There are 2 protein chains.
Amino acid sequence: MSTDRLSLIFSALADPTRRAILARLAEGDATVNELAEPFSISLPAVSRHLKVLEAAGLISRSRNAQWRSSKLEAEPLREATEWMDRYRRFWDASFTRLDEHLRRIQHDSQKPGVKQ
Amino acid sequence: MSTDRLSLIFSALADPTRRAILARLAEGDATVNELAEPFSISLPAVSRHLKVLEAAGLISRSRNAQWRSSKLEAEPLREATEWMDRYRRFWDASFTRLDEHLRRIQHDSQKPGVKQ
DNA sequence: CGGCTAATTAGCTGAATTGTTAAATACGAA
DNA sequence: TTCGTATTTAACAATTCAGCTAATTAGCCG
């Protein structure tokens, strides 16, 4: 894992447990114990997942007595989506034909040693 | 890394070299050598990055003589975006205030042992 | 203070990831 | 079939990751 922001975000999202935690937080803030409840993993494991999510900026945490509440911060998801938006035309049906054409042209002139 | 589809996609995107490869492929198909050129890593390393991208469905590959051409397949990016879209309201300014309020209400009724 | 609950840190595993160099494979051309 | 180029596979080292249990810290309350 690199330390640049997007890498942090994507690798935080790469774990299904962490995605489930985010899904749970979308329904409201929760403590570590509440977040751990649905999973069959230990509390320390959940604690570390939260640390990863926090490092990626995907959650923020506050302390209230001995409870630490986690809160969803979806801004990084926007960042990630923004990065992917550069490729939107590649899956958007209305661009498919033009794209095919442009790619074929570029392909022919760039690829070395290809005869057709 | 888990084996479910989204995990494969996100963890493929977590590496900056792989993201750069995708960016390059957005400009047109390319061979392994062409893709490796901008990086200071060995050819085998690039070859394995391509394997990861292929496993995630982010590229497809074809052989033409001894050259293996990679092609961007952005459909998985759409999938990933779709997953993240569930959180769009959390970064949409028009929802911010309502959200704050709803979260606070839920927070109060859910969090155990909190007095205020 | 002493006990209780919540959460984190420490220390340890095993598996996965990323990189390397050297060897093997694939295929066209001479 | 032999040479040369493109690419992959093998074998290895270093690092990171995700999990565990045990110990520690944090803070409320009696």
Side-chain angles (χ1 to χ4, degrees), chain A residues 1-4 7-21 25 29-56 58-71 107 110-116, chain B residues 1-4 7-21 25 29-56 58-71 107 110-116:
Chain A
M1 174 177 76
S2 296
T3 54
D4 68 288
S7 296
L8 281 180
I9 295 168
F10 282 128
S11 81
L13 295 176
D15 185 282
T17 300
R18 286 194 288 263
R19 289 199 305 278
I21 288 174
L25 289 176
D29 299 1
T31 65
V32 178
N33 262 299
E34 288 168 344
L35 290 173
E37 198 271 324
F39 303 108
S40 53
I41 59 175
S42 68
L43 221 44
V46 172
S47 185
R48 227 161 345 171
H49 279 308
L50 293 176
K51 219 169 175 177
V52 172
L53 289 170
E54 191 175 24
L58 284 158
I59 64 171
S60 62
R61 317 181 69 184
S62 60
R63 184 184 283 291
N64 196 324
Q66 67 258 223
W67 293 274
R68 302 206 63 185
S69 184
S70 293
K71 175 182 157 190
H107 175 92
Q110 282 191 352
K111 197 155 147 204
V114 174
K115 295 175 185 163
Q116 25 193 7
Chain B
M1 172 178 79
S2 297
T3 54
D4 67 289
S7 297
L8 281 180
I9 296 167
F10 282 128
S11 81
L13 295 176
D15 185 282
T17 300
R18 284 193 290 262
R19 289 199 305 278
I21 288 174
L25 288 176
D29 301 0
T31 66
V32 178
N33 260 303
E34 287 168 346
L35 290 172
E37 198 272 324
F39 304 107
S40 54
I41 59 177
S42 67
L43 221 42
V46 173
S47 184
R48 226 160 352 171
H49 279 307
L50 293 176
K51 220 169 174 176
V52 172
L53 290 170
E54 190 175 25
L58 284 158
I59 65 170
S60 62
R61 319 182 68 186
S62 59
R63 184 185 282 291
N64 197 324
Q66 67 258 226
W67 293 274
R68 300 206 62 185
S69 183
S70 293
K71 176 183 159 190
H107 177 91
Q110 282 191 351
K111 200 156 146 200
V114 174
K115 295 174 184 163
Q116 24 195 7

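These figures come from a predicted structure and were not determined experimentally. Lettering of chains follows the sequences in order, A, B, ..., and the numbering in each one begins at 1.
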**Study point:** Short side-chain N/O contact from A:Asn33 to OP1 or OP2 of C:dT5, under 4.0 Å
**Key:** no
Exercise for review: Output, in order, the C-alpha distance, side-chain angles, deciding distance and verdict of side-chain contact (heavy atoms from CB on, under 4.5 Å) for B:Leu13 and B:Leu58.
Suggested key: CA-CA 9 Å; B:Leu13 295 176; B:Leu58 284 158; 4.1 Å; yes
Review point. Given D:dT9, is OP1 or OP2 found less than 4.0 Å from the side-chain N or O atoms of B:Lys51?
Key: yes
Review point. Which whole-number value in Å describes the distance from B:Asn64 CG to C:dA29 P?
Key: 11 Å
**Study point:** Donor-acceptor contact below 3.5 Å, side chain A:Ser7 vs main chain B:Ala14
**Key:** yes
Review point. Within the pair A:Arg68 and D:dG27, is there a side-chain N or O less than 4.0 Å away from OP1 or OP2?
Key: no
Check your understanding: What is the nucleic acid contact for B:Ser70, judged by heavy atoms within less than 4.0 Å: base, sugar-phosphate only, or nothing?
Key -> nothing
Review point. Checking side-chain contact (heavy atoms from CB on, under 4.5 Å) for the pair A:Asn64/A:Thr31: CA distance, chi angles, key distance, verdict?
Key: CA-CA 10 Å; A:Asn64 196 324; A:Thr31 65; over 6 Å; no
Practice item. Answer with base, sugar-phosphate or nothing: what part of the nucleic acid does B:Leu43 contact at a heavy-atom distance below 4.0 Å? Key: base
Review point. Can you tell which of C:dT8, D:dC28, D:dG4 lies closest to the side chain of B:Gln66?
Key: D:dG4
Review point. For the pair made of CH2 in A:Trp67 and C1' in D:dT25, what is the distance, rounded to whole Å?
Key: 16 Å
Practice item. Give the rounded distance in Å between these two atoms: CD of A:Glu34 and P of C:dA6. Key: 10 Å
Review point. Got a donor-acceptor contact below 3.5 angstrom from the A:Arg18 side chain to the A:Ala12 backbone?
Key: yes
Practice item. Can you check whether any acceptor in the base of D:dG27 is under 3.5 Å from a donor in the side chain of A:Arg63, or vice versa? Key: no
**Study point:** From C:dT8, D:dT9, C:dG19, nucleotide with atom closest to B:Thr17 side chain
**Key:** C:dG19
Study note, to complete from the structure: Looking only at heavy atoms, the pair that brings B:Ile59 and B:Leu50 closest together is CD1-O, 3.5 Å
Study note, to complete from the structure: B:Arg48 atom CZ is separated from C:dA16 atom P, nearest whole Å, by 14 Å
**Study point:** Integer-rounded Å distance: D:dT8 P and B:Ile41 CD1
**Key:** 13 Å
Check your understanding: Hey, does the side chain of A:Ser47 come within less than 4.0 Å of C:dA7's phosphate (OP1/OP2), counting only N and O?
Key -> no
**Study point:** Length of the line joining B:Glu37:CD and D:dA6:P, which is rounded to integer Å
**Key:** 13 Å
Check your understanding: How long is the line joining CG of B:Asp15 and P of C:dG19, in whole Å?
Key -> 6 Å
Check your understanding: Can you find a side chain N or O atom of B:His49 that sits less than 4.0 Å from OP1 or OP2 on C:dT17?
Key -> no
Practice item. Find which nucleotide of DNA chain D each of A:Ser42 and B:Val46 is nearest to by heavy atoms, and output the residue with the more 5' nucleotide. Key: B:Val46
Point to revise | Between C:dA7 (P) and A:Leu53 (CG): distance, integer Å | key: 16 Å
